[in-house]
Amino acid sequence: MKVLVRAPAAQETTVKKREAEGFAGTILDHYAGHKRKLPWREDITPYRILVSEFMLQQTQVERVLVKFPLFLQRFPDFSALAGAALKDVLASWQGLGYNRRAVNLWKTAMSVVKEHRGQLPAGADELVRFPGIGFSTAGAIVAFAFDKPVVFIETNIRRVFIHFFFQDRTGVKDREILPLVEATLDRENPRQWYYALMDYGAMLGRSLPNPNRRSAHYARQAPFEGSDRQVRGGVIRALLGKGTLTKKTISSTLGVEAGRMARILSGLEKEGLIARNGNGYQLP
DNA sequence: CTCCTGAGGA
DNA sequence: TCCTCAGGAG
């Protein structure tokens, strides 16, 4: 395979020619020997790809591997998910984190059924209009579900390109990486190429200090203990177990001061994760 | 642009 | 402590 990589002329770090020529071979050689067998890479359908991509937003592959088959068994297709009650979707989502993603996935399924005749659109421009689908997820869906050549970046891809082409740089912006992704893209087999890139990136993450720390977009996660996120997760779990609870009961159960709890409940309600029911709150 | 959003395993 | 196949609000 011949691969051409051109770096912007004014770019401080120039692409080393030898690395550029060996890049695709290195990635594909690793893939040949270490390709990950993942359920969403078998029996590929737009629905299965969509569900996996939502789950994989900020959640590690190992945990998604446990939840994905259970979720697919419970909600096997767009119609089943769109017709489900949100509380049942949230129940199946427990353990994955970021419950808001479950709401977005559910809303996206309903939109696909009601406004797209049950067919997930195959274009990134259309996909980003669904809630919870941004640039990265749209690109991944186009590449993985439809095997179409599309240029996108997510954390593993970012890691690979920083490692190979920005060796001596910090503060690398995605704008700088994107042209390299486009130049190296295998337009005949984009799905396999992105699988290979991501598997290589996952390998790099385990064997090196994270190259993404040199990304301009790198942000360290705020501590979880004592955070609003922790309380929000507790609220959803409490309502899943008890049905309807008053604000006072929720506050005392979770040991959170009333004013703070009021603010958190207001946020959850605004995001559609909980609903008022008279004097209390419940899952929608 | 900054900040927020869960949970769990290494 | 570190990170996770990001998206969205402001």
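Below, chain A is the first sequence line, B the second, and so on; all start at residue 1.
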[X] side chain: which of [options] is closest?
X	options	result
A:S136	C:dC3, C:dG7, C:dC5	C:dG7
A:Q57	B:dA7, C:dT4, C:dA6	C:dA6
A:R100	B:dT5, B:dA7, C:dC5	B:dT5
A:V61	C:dA6, C:dC5, B:dG6	C:dC5

For [X] and [N], what is the distance between atoms [atom1] and [atom2] respectively, to the nearest whole Å?
X	N	atom1	atom2	result
A:I236	B:dG6	CD1	C1'	11 Å
A:L268	B:dC4	CG	P	15 Å
A:R260	B:dC4	CZ	P	12 Å
A:R232	B:dT5	CZ	P	6 Å
A:R158	C:dA6	CZ	C1'	9 Å
A:R220	B:dC4	CZ	P	16 Å
A:L65	C:dT4	CG	P	16 Å
A:R63	C:dC3	CZ	P	15 Å

Give one of base, sugar-phosphate or nothing for [X], where a contact means two heavy atoms less than 4.0 Å apart.
X	value
A:Y194	nothing
A:N104	nothing
A:Q221	base
A:I49	nothing
A:E53	base
A:F54	nothing
A:Y218	sugar-phosphate
A:G97	base

**Study point:** Pairing partner of C:dC5 (Watson-Crick or G-U wobble, both distances under 3.5 Å)
**Key:**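 For C:dC5, the partner nucleotide comes out as none, under the 3.5 Å rule.
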
Review point. Whom does B:dG6 pair with, Watson-Crick or G-U wobble, provided both distances fall under 3.5 Å?
Key: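 Base partner found: none.
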
N/O (side chain, [X]) to phosphate O (OP1/OP2, [N]) under 4.0 Å:
X	N	answer
A:T137	C:dG7	yes
A:R213	C:dC3	yes
A:T59	B:dG8	no
A:R237	B:dA7	yes
A:Y98	C:dT4	no

Practice item. Answer yes or no: side-chain N or O of A:Q60 and base N or O of B:dG8 forming a donor-acceptor pair under 3.5 Å. Key: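 A donor-acceptor contact between them is present.
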
Exercise for review: Report yes or no: is there a donor-acceptor pair, N or O only, under 3.5 Å between the side chain of A:R229 and the base of B:dA7?
Suggested key: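 Donor-acceptor pair under 3.5 Å: no.
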
Exercise for review: With C1' as the reference atom in both, quote the distance from C:dC3 to B:dG6 in angstrom, rounded to an integer.
Suggested key: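 These two C1' atoms come out 13 Å apart once rounded.
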
Exercise for review: Please measure how far the P atom in C:dC5 lies from the corresponding atom in B:dC4, and state the result in whole Å.
Suggested key: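 Taking atom P in both C:dC5 and B:dC4, they lie 23 Å apart.
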
Point to revise | Nearest-nucleotide comparison on DNA chain B, the residue closer to the 5′ end among A:F224 and A:K173 | key: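 Whichever sits nearer the 5' end wins; that is A:K173.
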
Exercise for review: Return the 5'-most residue of the pair A:Q230, A:H217 with respect to DNA chain B, ranking by each residue's nearest nucleotide.
Suggested key: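 Going by which nucleotide is closer to the 5' end, it is A:H217.
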
Review point. Is a donor on one side and an acceptor on the other found under 3.5 Å between the side chain of A:Y200 and the backbone of A:T26?
Key: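 A pair under 3.5 Å: no.
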
Review point. Salt bridge check: are A:E154 and A:R159 linked by an N-O gap of less than 4.0 Å?
Key: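 Looking at A:E154 and A:R159, the cut-off is not met.
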
Review point. What's the verdict on ring pair (Phe, Tyr, Trp, His ring centres under 6.0 Å) for A:H116 and A:F130, showing C-alpha distance, side-chain angles and the deciding distance?
Key: CA-CA 11 Å; A:H116 299 273; A:F130 292 103; 5.2 Å; yes

**Study point:** DNA chain C: 5'-proximal contact among A:E154 and A:K270 (nearest heavy atom)
**Key:**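 Per heavy-atom nearest nucleotide, the more 5' residue is A:E154.
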
Practice item. With DNA chain C as reference, determine whether A:W40 or A:P223 sits nearer its 5' end, using the nearest nucleotide of each. Key: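 Between the two, 5'-proximity favours A:P223.
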
**Study point:** Ring-face cation contact, A:F166 with A:R214, 6.0 Å cut, 45° max
**Key:**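 No, A:R214 does not sit over the ring of A:F166.
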
Check your understanding: Would you find more than 12 non-hydrogen atoms of other residues, nucleotides or ligands less than 6.0 Å from A:Q119 atom CD?
Key ->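 Counting other residues, nucleotides and ligands, CD of A:Q119 stays at 12 neighbours or fewer.
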
Review point. Is A:Q73 atom CD crowded by more than 12 heavy atoms from other residues, nucleotides or ligands, each under 6.0 Å away?
Key: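 Counting other residues, nucleotides and ligands, CD of A:Q73 stays at 12 neighbours or fewer.
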
Practice item. Describe, in one word, how the ring planes of A:F144 and A:F152 are oriented to each other, choosing from parallel (under 30°), tilted (30 to 60°) and perpendicular (over 60°). Key: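 A:F144 vs A:F152 ring planes: perpendicular.
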
Practice item. Check A:R101, A:K107, A:R100 against A:E271 for a salt bridge (charged side-chain N to carboxylate O under 4.0 Å, His left out) and give me the one that passes. Key: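 Exactly one pass, corresponding to A:R100.
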
